[in-house]
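Remember, predicted model here, so these are calculated numbers, not experimental data.
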Amino acid sequence: MLHIQNTLSGKKEPFIPIHKNKVSMYVCGMTVYDYCHIGHARVLVVFDIITRYLRKIYGADNVTYVRNITDIDDKIIARAIENGEDINSLTQRFIDAMHEDADALGVKRPDIEPRATEHMDEILAMIQTLMDKGMAYQANNGDVYYQVSQFATYGQLAKKNLDELQSGSRVEVEQAKRDPMDFVLWKMAKEGEPSWDSPWGKGRPGWHIECSAMSTQCLGEHFDIHGGGLDLKFPHHENEIAQSEGCTGHKFVNYWIHNGFVRVDDEKMSKSLGNFFIIREVLQSYAPEVIRYFILNSHYMSPLNYSDENLDKAKASLTTLYQALLNIDDALNDSLETPVYEDNDYSQRFFQAMDDDFNTPMAISVLFDLSHELNRLKNTDKKQAKIIAQQLKALAQLLGLLENNAQQFLQGNASADGLSDDEINTLIAQRASAKQDKNWSECDRIRDVLDAEDILLEDTPEGTRWRRK
RNA sequence: GGCUGGAUGGCAGAAUGGCUAUGCAGCGGAUUGCAAAUCCGUGGACCUCGGUUCGACUCCGGGUCCAGCCUCCA
């Protein structure tokens, strides 16, 4: 049975959906004013495999995955002004870029991808409800604030109480607020800013309310899982709870899942620190699957240290797995439409690992065990080897790994200044004839030439094969 | 200051009250013209101090150090 570490309770709990065999999950997505970095890649990949696994358990059609897009906020406005660019063209540009990055990483699209600007009605209705209930007020600067003191359990997610928060607060307090912790629901538009009509004047939504409104709109007032990066736990998710439960008077979300940070030199990768690596830049040097493996080789809650060294290791590990699938996986691709997992020790251990709060490092270790088994069988029992290869691919597929053709992954793509596949094959052919003549020095010379181009040769009984380092 | 979480072998990274994680790198052997790949084998760890226990890396308590949150951030 699947267990999930629930941020709300701080405990690992058995996962029981609200509606039998139906799962609803909302994940906070991107604010689209810049390219996605590796931290974003982690959220994308982590919740991708969570969704894949939930679909495996509950059936593909019984999981609804919603990931929103924040397409209106202060930073977007600031960036648009900076670029001298229309807001809509800016956000659309980065939405497209995000989709490209996610697709490259093998992240499947969510079922619903709501945008804040397309849900103004729901946002306004929610603020109105909070006003009617006396949980929100319009301050004399025109902004509408949520009155945190009206929500008794505020701080339940972040495990904080109001006194601690106030005493430690370093933020400059907006004078108009009744209480420093109150947060904005509706922000008055300044001259020239994009705005929407509201009962309180022209303005735009605060950051937190959009997620309450969109999740409720897409999944209802009470749903199963809400996820996002750890940095959203407070205040964003805390505020979502306050807004949603303040409105409905009942439970909002049962399970909160937060993935850990990506670090650089033991420091959190973040936009404000400027120490972030853009996905598309990393993709210049590493195959997307290498990034995916790198992310999944740690538990989603652990800190993940970004470095070339660690990406190189991820690549080496992945190479080992693909090496096992060489010359065997071509015949398998058709059958992956309806994966067969085989009921044996391997799949049991794999599923046990995944059931234990999505323990992907342990699940991956099973893939290596399978690859060793496969290598042994390849020479002794071709039929059984095929079954194991099939299983390896089927299980890996749940992690979005080993979905490429082995030879294609290992040979990679020719770099602009590197040798083409044809040139490589020509040299290998020359070497083959030298080999027939037992001209070993010529053989070694050609191999060295290729090695200098980062092409690695492997002589096998079936002939010479090659891969790019 | 308050609150979270963490400290595992050369590196990355899991589990577990007594039994091999796994990967990368290393070493020995098989294989190979030599390599590579693969297979077989192998060395190497549990921050510190106490406590509980027949037995603790694993549970409890103190300490040290690290990261994060309390402010926009996935």
Heavy atoms under 4.0 Å, any strand shown: does [X] hit a base, just sugar-phosphate, or nothing?
| X | answer |
| --- | --- |
| V262(A) | base |
| G228(A) | sugar-phosphate |
| L232(A) | sugar-phosphate |
| M269(A) | base |
| S270(A) | base |
| H236(A) | nothing |
| K75(A) | base |
| G29(A) | sugar-phosphate |

Does [X] have a side-chain nitrogen or oxygen under 4.0 Å from the phosphate oxygens OP1 or OP2 of [N]?
| X | N | answer |
| --- | --- | --- |
| K271(A) | A74(B) | yes |
| S307(A) | A12(B) | no |
| T320(A) | C24(B) | yes |
| W207(A) | C73(B) | yes |

Give the nucleotide from the list [options] with an atom nearest to the side chain of [X].
| X | options | value |
| --- | --- | --- |
| K233(A) | U71(B), U4(B), A67(B) | U4(B) |
| H40(A) | C3(B), C24(B), C73(B) | C73(B) |
| R465(A) | G13(B), A37(B), A74(B) | A37(B) |
| E309(A) | C11(B), C70(B), A14(B) | C11(B) |
| N297(A) | G2(B), A12(B), A74(B) | A12(B) |
| K268(A) | G68(B), A36(B), A12(B) | G68(B) |
| S365(A) | A21(B), C70(B), A14(B) | A21(B) |
| N359(A) | G2(B), A74(B), A15(B) | A15(B) |
| A316(A) | C11(B), A15(B), C24(B) | C24(B) |

Please name the residue in the list N259(A), T360(A), D357(A), N359(A) that meets the side-chain hydrogen bond (donor to acceptor under 3.5 Å, both in side chains) test with H299(A). D357(A)
Please give the distance between the [atom1] atoms of [N] and [M] as a whole number of Å.
| N | M | atom1 | value |
| --- | --- | --- | --- |
| A21(B) | C46(B) | C1' | 13 Å |
| G63(B) | C27(B) | P | 45 Å |
| G61(B) | A25(B) | C1' | 39 Å |
| U16(B) | C59(B) | P | 10 Å |
| G18(B) | G5(B) | P | 24 Å |
| G23(B) | C40(B) | P | 11 Å |
| C57(B) | A14(B) | C1' | 13 Å |
| G29(B) | A35(B) | P | 11 Å |

Would you mind telling me which of I4(A), I225(A), I241(A) makes a side-chain contact (heavy atoms from CB on, under 4.5 Å) with W256(A)? I241(A)
Identify, between Y293(A) and N379(A), the residue whose nearest nucleotide on RNA chain B lies closer to the 5' end. Y293(A)
Given that E458(A) and K159(A) both sit by RNA chain B, which one's nearest nucleotide is further toward the 5' end? K159(A)
Report the C-alpha separation of E281(A) and Y35(A) in whole Å, then their side-chain angles, then the decisive distance to 0.1 Å, and conclude whether the side chain to side chain donor-acceptor pair (under 3.5 Å) test is met. CA-CA 10 Å; E281(A) 279 175 9; Y35(A) 293 111; over 6 Å; no
Plane angle bin for H237(A) and H258(A) - parallel if under 30°, tilted between 30 and 60°, otherwise perpendicular: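 Geometry flag for H237(A) against H258(A): tilted rings.
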When the ring planes of F151(A) and Y146(A) are compared, do they come out parallel, tilted or perpendicular, using 30° and 60° as the limits? perpendicular
Between [atom2] on [N] and [atom1] on [X], what's the gap in Å once rounded to a whole number?
| X | N | atom1 | atom2 | value |
| --- | --- | --- | --- | --- |
| D451(A) | A37(B) | CG | P | 11 Å |
| L325(A) | A37(B) | CG | P | 17 Å |
| D266(A) | A7(B) | CG | P | 13 Å |
| D312(A) | G23(B) | CG | C1' | 14 Å |
| D356(A) | A14(B) | CG | P | 12 Å |

Between [X] and [Y] (salt bridge meaning N to carboxylate O under 4.0 Å), is one present in this structure?
| X | Y | answer |
| --- | --- | --- |
| R204(A) | D74(A) | yes |
| D451(A) | R447(A) | no |
| K75(A) | D34(A) | no |
| R67(A) | D48(A) | no |
| E403(A) | K108(A) | no |
| R445(A) | D448(A) | no |
| D73(A) | R79(A) | no |

Go through it in stages, so that I can follow the logic: the residues are D312(A) and K315(A), the test is salt bridge (charged side-chain N to carboxylate O under 4.0 Å, His left out), and I'd like the CA-CA distance, side-chain angles, deciding distance and then a yes or no. CA-CA 5 Å; D312(A) 288 341; K315(A) 185 184 178 182; over 6 Å; no
Assert yes or no for the condition that the ring centre distance of F223(A) to F252(A) is strictly below 6.0 Å. yes
Could you pull out the protein-nucleic contacts involving nucleotides 30-33 of chain B (nitrogen or oxygen on both sides, under 3.5 Å)?
from, atom 1, to, atom 2, distance (Å)
G33(B), O6, R431(A), NH2, 3.4
G33(B), N1, D444(A), OD1, 3.0
G33(B), N2, D444(A), OD1, 3.3
G33(B), N2, D444(A), OD2, 2.7

Using a cutoff of under 3.5 Å, can you pull out all pairs of nitrogen or oxygen atoms linking the protein to nucleotides 39-41 of chain B, with atom names and distances?
from, atom 1, to, atom 2, distance (Å)
C39(B), OP1, H372(A), ND1, 2.8
C39(B), OP1, N375(A), ND2, 3.3
C40(B), OP1, R376(A), NH1, 2.4

Dot-bracket summary - RNA chain B, pairs being Watson-Crick or G-U whose distances fall under 3.5 Å, with | when paired to another strand: (((((((..(((.....[...))).(((((.......)))))....(((((..]....))))))))))))....
Would E238(A) and K160(A) count as a salt bridge (charged side-chain N to carboxylate O under 4.0 Å, His left out) here? Give the steps. CA-CA 10 Å; E238(A) 192 72 57; K160(A) 295 175 186 302; over 6 Å; no
